[in-house]
Engineer: 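Would you mind keeping the following structure in view while I ask a few things?
Along the sequence shown, residues are numbered consecutively beginning with 1.
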Amino acid sequence: MDYFAPTRLSGIIAGCMDSPHTMFLKCFAILTHVTLNNAVALGFVGLLNRLSGRRLITSVFLVYPAREIHIRNHTFGWMQSVFRVKPALLGFFLLNRRLTVVLSLTVLEADIFKFSREELQAVSANLGRVQHLLGAPYQSMAGILPSLMLRAGVITSSPQRDGTVGIVCAVVKEIFALENLAESSPVVVVGAQGHIGAGLCDVLARTRSVIGLDKDDDVASRLAAMEGPHLVLNVASYAAWTGILNGLQPGAVVLNEVYPPPTGSVREALKERATVYHVSGVKTTLSVPRLAQGYSKVMPCCAATGDPRGWQPKFIRL
């Protein structure tokens, strides 16, 4: 049975079988939606934000769950359709004494790939509505949302791409120093034709040797032909690890920008063959809720907006 497309009765029954902690999270999410995620409450907060003169709330950031379990633990199955294209309030990041409000859809990446242009327009309109009500100067979106909307003509620009590219390039520079890689060592960008990958290739190629690979390339074979020290940068997807693992050669250093970072057998296999790093994003003062997997007090790269001079890129060694 598809847990997220049940009848209303089966959804209620499934919800009643949750642990007390999960039940609390789900009920709290509903309460938050009813009391805060409406025009009156958001408009009042936005009025205070505008009157403050310093715009404490500067951005809204739209995300979606990485795994089905994340939906199941925070939303009743019968409520998934409510948040399919209308984002739910999730939390916030505090960076340089400014707040980024985090909102979330309740569909997975595979479902978003199937969104019609009308659904993408609805998502964009709903996000813009929250941004306007809160009086936030910026908005940003995670994962594949910006590229799909650009392709569909729903939006015409994606400011967060420049921020992500800048953060990743700064981390690449630090890793070259940490691993004593020669400046002539190539950077292999897996996902080079993607929204972020294309920007990274353009910027990195100004100072380094760059090899761009994408889904139409035989990643395993191309990596297997590599000799000497090099950096493999994954900005494609979690699925790209299959090709990377099959072709990884001695002398490689791996840097991941994709969320979530490699886990389980993938992580162990990578660590057996190379030194592996993960770009978490930008260090924040506070993040609510606290995110796991290297994201505690960290704002993802694509959420960073405003002046990059105040950003402190953060990465971890896996």
Engineer: CG/Leu255 to CG/Leu231 distance, rounded to the nearest 0.5 angstrom?
Structural biologist: 5.5 Å
Engineer: Under 6.0 Å from the ring centre and within 45 degrees of the ring axis: does the NZ or CZ of Arg208 meet both conditions for the six-membered ring of Phe176?
Structural biologist: yes
Engineer: Please check if Leu51 and Leu56 belong to a single hydrophobic cluster, counting links between Ile, Leu, Val, Met, Phe, Trp and Tyr side chain heavy atoms closer than 4.5 Å.
Structural biologist: no
Engineer: Quick one: are Thr164 and Glu257 in side-chain contact, heavy atoms under 4.5 Å?
Structural biologist: yes
Engineer: Can you check whether Arg317 reaches Val276 side chain to side chain, under 4.5 Å on heavy atoms?
Structural biologist: no
Engineer: How far apart are the closest heavy atoms of Ala252 and Leu248, and which atoms are they?
Structural biologist: CB-CD1, 3.9 Å
Engineer: Nearest heavy-atom pair of Val219 and Gly243: which atoms, and what distance?
Structural biologist: CG1-C, 4.1 Å
Engineer: Specify the closest pair of heavy atoms between Ile244 and Leu223, including all atoms of both residues, with the distance to one decimal.
Structural biologist: CA-CD1, 3.7 Å
Engineer: Given the rule that I, L, V, M, F, W and Y join up when any side-chain heavy atoms are under 4.5 Å apart, are Val253 and Leu178 in one cluster?
Structural biologist: yes
Engineer: Hydrophobic side-chain clustering at under 4.5 Å (ILVMFWY, transitive links): who's grouped with Phe44? Put none if nobody.
Structural biologist: Leu48
Engineer: Are any of the side-chain heavy atoms of Arg55 and Asn49 separated by less than 4.5 Å?
Structural biologist: yes
Engineer: May I ask you to test the Leu204-Cys169 pair for a side-chain heavy-atom distance under 4.5 Å?
Structural biologist: yes
Engineer: Among the clusters formed by ILVMFWY side chains lying less than 4.5 Å apart, do Phe113 and Leu120 turn up in the same one?
Structural biologist: yes
Engineer: Which residues pass the side-chain contact (heavy atoms from CB on, under 4.5 Å) test with Ser265, sequence neighbours left out?
Structural biologist: none
Engineer: Any heavy-atom pair between the side chains of Leu105 and Leu62 that's under 4.5 Å?
Structural biologist: yes
Engineer: Is any side-chain heavy atom of Tyr238 less than 4.5 Å from a side-chain heavy atom of Thr263?
Structural biologist: yes
Engineer: His230 side chain to Gly228 main-chain N or O, any donor-acceptor pair under 3.5 Å?
Structural biologist: yes
Engineer: Pair up each side-chain donor or acceptor in residues 138-155 with any protein partner under 3.5 Å, not counting sequence neighbours, and list the distances.
Structural biologist:
unit_1, atom_1, unit_2, atom_2, d
Gln139, NE2, Gln131, OE1, 2.7
Ser140, OG, Cys302, O, 3.4
Ser147, OG, Ile144, O, 2.9

Engineer: Please tabulate, for the side chains in residues 186-203, all donor-acceptor contacts under 3.5 angstrom to protein atoms that are two or more places apart in sequence or on a different chain.
Structural biologist:
unit_1, atom_1, unit_2, atom_2, d
His195, NE2, Ser158, OG, 3.0

Engineer: Given the rule in the side chain to side chain contact (heavy atoms under 4.5 Å, CB included) test, do Trp241 and Leu270 qualify, once you have shown the distances and angles that lead to the verdict?
Structural biologist: CA-CA 9 Å; Trp241 288 123; Leu270 282 167; 3.7 Å; yes
Engineer: Is the backbone of Ala269 close enough, under 3.5 Å, to the side chain of Glu272 for a donor and an acceptor to pair up by distance?
Structural biologist: no
Engineer: Do Val282 and Cys301 pass the side chain to side chain contact (heavy atoms under 4.5 Å, CB included) test, and can you show the C-alpha distance, the side-chain angles, and the key distance before you say yes or no?
Structural biologist: CA-CA 6 Å; Val282 176; Cys301 297; 6.0 Å; no
Engineer: Quick one: list whatever passes ring pair (Phe, Tyr, Trp, His ring centres under 6.0 Å) with Phe315, sequence neighbours left out.
Structural biologist: Tyr277
Engineer: Compare every heavy atom of Ile167 with every heavy atom of Pro313, then report the nearest pair and how far apart it is.
Structural biologist: CB-CG2, 4.1 Å
Engineer: Is the closest side-chain heavy-atom distance between Trp311 and Leu95 below 4.5 Å?
Structural biologist: yes
Engineer: Any idea which heavy atoms bring Val258 and Ser237 closest together, and the distance?
Structural biologist: CG2-N, 3.7 Å
Engineer: Are Leu94 and Ser287 close enough that some pair of their side-chain heavy atoms sits under 4.5 Å apart?
Structural biologist: no
Engineer: Kindly write out the residues that satisfy side-chain contact (heavy atoms from CB on, under 4.5 Å) with Asn96, not counting sequence neighbours, or none if the list is empty.
Structural biologist: none
